[in-house]
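Ligands are counted one by one from 1 in listed order, and the atoms in each one are counted from 1 as well.
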Amino acid sequence: MGFKSDIEIAQEAQLKDIREIAGKLDLTEENIDLYGRYKAKVDYNLLKEEKTGRKAKLILVSAINPTPAGEGKTTTTIGVSDALSRLGKKTIVALREPSLGPVFGVKGGAAGGGYAQVVPMEDINLHFTGDFHAIGAANNLLAAMLDNHINHGNQLGIDNRKITWRRVVDMNDRQLRNIVNGMGGKGNGVAREDGFDITVASEVMAAFCLANNIVDLKERIGNIIVAYTRDDRPITAKDLNAHGAMAALLKDALKPNLVQTLEGTPAFVHGGPFANIAHGCNSVIATKMAMHFADYVVTEAGFGADLGAEKFIDIKCRKADLKPDAVIIVATVRALKYNGGVVKDKLNEENLEALEKGLPNLLKHVENITKVFKLPAVVAINRFPLDTEAELALVKRKCKELGVNVALSEVWAKGGEGGQELAKEVLRLVEEESKLEYSYALNMPIAEKIEAIATKIYGANGVDFTPATLKEIDKLEKLGFGDLPICMAKTQYSLSDNPNLLGRPEGFNITVRQIKVSAGAGFIVALTGEVMTMPGLPKVPSAERIDVDEKGRISGLF
Ligand SMILES: Nc1ncnc2c1ncn2[C@@H]1O[C@H](COP(=O)(O)OP(=O)(O)O)[C@@H](O)[C@H]1O
Ligand SMILES: O=COP(=O)(O)O
Ligand SMILES: [Mg+2]
């Protein structure tokens, strides 16, 4: 259909000098560190001087269960922000930074798409300002100091079989999931099994995204549990005296990155946990900074509302005293057909029957947001080029029949101009009174908190815990971690823990196969199904289509 690619649109754009964008927030060069002409970091110490009374409206963008390509949350977040800017509203976008895993893997970048992008998209999708490299270095410094401690006598009595800390790299590399290191005999370390996670799954990333400032970050890092002794005493980063150096590595990374949308709306892009294996939200610091400088902040939580939105509310909002004033639930014709049983390579064919069959998935997410979390919501139908008028009309009609707010969004094709209907509905919703509720109380037992999420948000009958998991839950409660929130690690494709159960599955249980405490981040991770903390590359990685020419001009990124 001859559409320009995301990178062609981005490279044709005339970007504003980032100092002009900073000026929209009354920021001067004293408040920012320039990273070239189009990127800057903003001094988080500015938050200490927070003016009282500033209460920006916070809009969360979530979605229905997606196809592997994603349904356009980031694109919609950017597009509706541009639409609000066009309506004269002082708006900031708050997004996560892209991971190289998906960039070179299946999904591609995370800078939006079409005429709703943050730019410079090549920089943002690749090394950006180096935050992920800093987070990886801090994570791996801790791993090196842990093994070094064991190598030099193990005074802390670490049980080699109870090491929970893993190394990370920001790449999809299944080869590194399970390794043996320290081989080569005396002088080359102590041989043991180990493995790598992808950087966005690191607890350092989670602590980074939930920290309020550098002192809080250092304290959180110090609390990270890396191993246990034979008698199950936890060993922390602080026990290894690693937390100071780790926090030093993150001094600049912790400053939110300021860039711009194609239409010049300021954007904070900072932190980047995935929402299937971590909590899936950008940093608290960037969100609060955005709320300090703007009247409307639009932010995204990863994957479907069963993952990103649930953890945005039950973990991030609860811990950072934030409250969304409205939620946009992105739905697409293709994801509704996918949930209605259509296979990936048939999603571009009109299929009203499958579309209608997939609607229960959308309605479950709407119920969760409006009836469990008690927040006002609007469904944004993110229009794709091959959506037919009949398909779009069916979704809109069904939503209206069921009393669901709905707006057509054409921001991918038209930028902010294509988001006017959605922006006006958001402006109406944020004025509604709403009393945010959580899906569980923190003082409930760990198992009951997990059951509350599974039954209320996923629609499960219940939760099966493996014997080892029940034993670990008992140990964590005895160690005093019982009041922490839960970070569910689950497939993004299904409300259940089975990626093949699409639509609105009923009569299922989820199985929690592993539990671990992220004492630094401040939550308990419950792993279900086959969810991977180190994804693998597909048969034909997106990396094969990426190139750079003699002028340093990159192509193939999307
Ligand atoms: N309306 C649309 N039409 C065509 N492509 C789209 C549209 N919306 C999003 N995309 C593309 O789909 C992919 C996923 O979009 P993204 O905004 O990253 O989704 P999410 O944040 O939900 O994963 C990106 O490549 C993006 O360019
Ligand atoms: O963690 C996943 O984020 P997206 O859904 O934005 O890809
Ligand atoms: Mg996204």
Side-chain angles (χ1 to χ4, degrees), residues 1 3-10 60-81 93-99 101-103 105-118 121 124-125 198 200-201 205-206 209 261-262 267 269 271-282 298-312 328-335 347-348 380-387 392 408-415 418-419 422 487-493 531 533 535 542 545 556-558:
M1 297 180 79
F3 291 104
K4 282 183 183 163
S5 70
D6 295 349
I7 194 165
E8 285 168 334
I9 294 168
L60 170 67
V61 180
S62 184
I64 66 175
N65 289 99
T67 66
E71 301 324 307
K73 290 185 302 296
T74 303
T75 304
T76 303
T77 303
I78 296 162
V80 76
S81 299
V93 198
L95 294 171
R96 284 166 299 156
E97 304 180 45
S99 159
V103 167
V106 173
K107 269 202 69 183
Y115 290 88
Q117 294 188 60
V118 284
M121 70 89 90
I124 294 166
N125 278 318
I198 189 166
V200 294
M205 174 69 81
C209 286
T261 70
L262 285 171
V269 182
F274 287 164
N276 54 346
I277 54 180
H279 72 291
C281 306
N282 69 281
V298 191
T299 192
E300 170 198 10
F303 293 132
D306 54 321
L307 284 171
E310 186 272 312
K311 292 180 269 190
F312 176 87
I328 296 172
I329 302 169
V330 175
T332 62
V333 164
R334 72 179 188 186
L347 289 174
N348 286 336
I381 305 170
N382 177 24
R383 179 174 199 159
F384 274 67
L386 295 178
D387 294 348
L392 293 166
L408 180 67
S409 171
E410 298 182 284
V411 297
W412 179 85
K414 302 176 181 170
L422 178 59
C487 180
M488 294 299 296
K490 177 180 80 66
T491 177
Q492 62 270 30
Y493 299 121
V531 70
T533 50
S542 301
R545 295 188 292 278
L557 259 180
F558 67 95

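Under a 4.0 Å heavy-atom criterion, E300 is in contact with ligand 2. Using 4.0 Å as the threshold, Q117 has no heavy atom nearer than that to any atom of ligand 1. Heavy atoms of R96 approach ligand 2 to within less than 4.0 angstrom. Using a non-hydrogen distance threshold of 4.0 Å, A110 does not register as a contact of ligand 1. Within the 4.0 Å heavy-atom shell around ligand 1 one finds P385. Distances shorter than 4.0 angstrom occur between a heavy atom of G112 and an atom of ligand 1. Within the 4.0 Å heavy-atom shell around ligand 1 one does not find E410.
Looking from atom 12 (O) of ligand 1 to the surrounding protein, the closest heavy atom is R334 NH2, 4.0 Å. Given atom 25 (O) of ligand 1, the protein heavy atom at minimum distance is F558 CD1, 3.9 Å. Atom 23 (O) of ligand 1 has K107 NZ, 2.3 Å as its closest protein atom, hydrogens excluded (heavy atom only). Nearest protein heavy-atom neighbour of atom 26 (C) of ligand 1: T75 OG1, 4.0 Å. When only non-hydrogen protein atoms are considered, atom 2 (C) of ligand 1 lies nearest to W412 CG, 3.3 Å.
In the vicinity of K73, heavy-atom distances shorter than 4.0 Å reach the ligand 2 atoms 4 (P), 5 (O), 6 (O). Atoms of ligand 2 found under 4.0 Å from any heavy atom of F274, numbered from 1 in the order shown, are 1 (O). Applying the 4.0 Å criterion to heavy atoms of G302 picks out, from ligand 2, the atoms 1 (O), 2 (C), 3 (O), 5 (O). Listed by atom number, the atoms of ligand 1 under 4.0 Å from G113 heavy atoms are 27 (O).
Residue contacts with ligand 1: G72 is placed with a nitrogen or oxygen under 3.5 Å of a nitrogen or oxygen of the ligand (distance criterion only). For ligand 2, none of its N or O atoms has an N or O atom of N276 under 3.5 Å away. In terms of N/O distances under 3.5 Å, ligand 2 is not approached by P273.
Contact check for V103 versus L557: side-chain heavy atoms found under the 4.5 Å cut-off.
For the Mg ion (ligand 3), the count of nearby protein N, O or S atoms, meaning those under 2.8 Å away, is 2.
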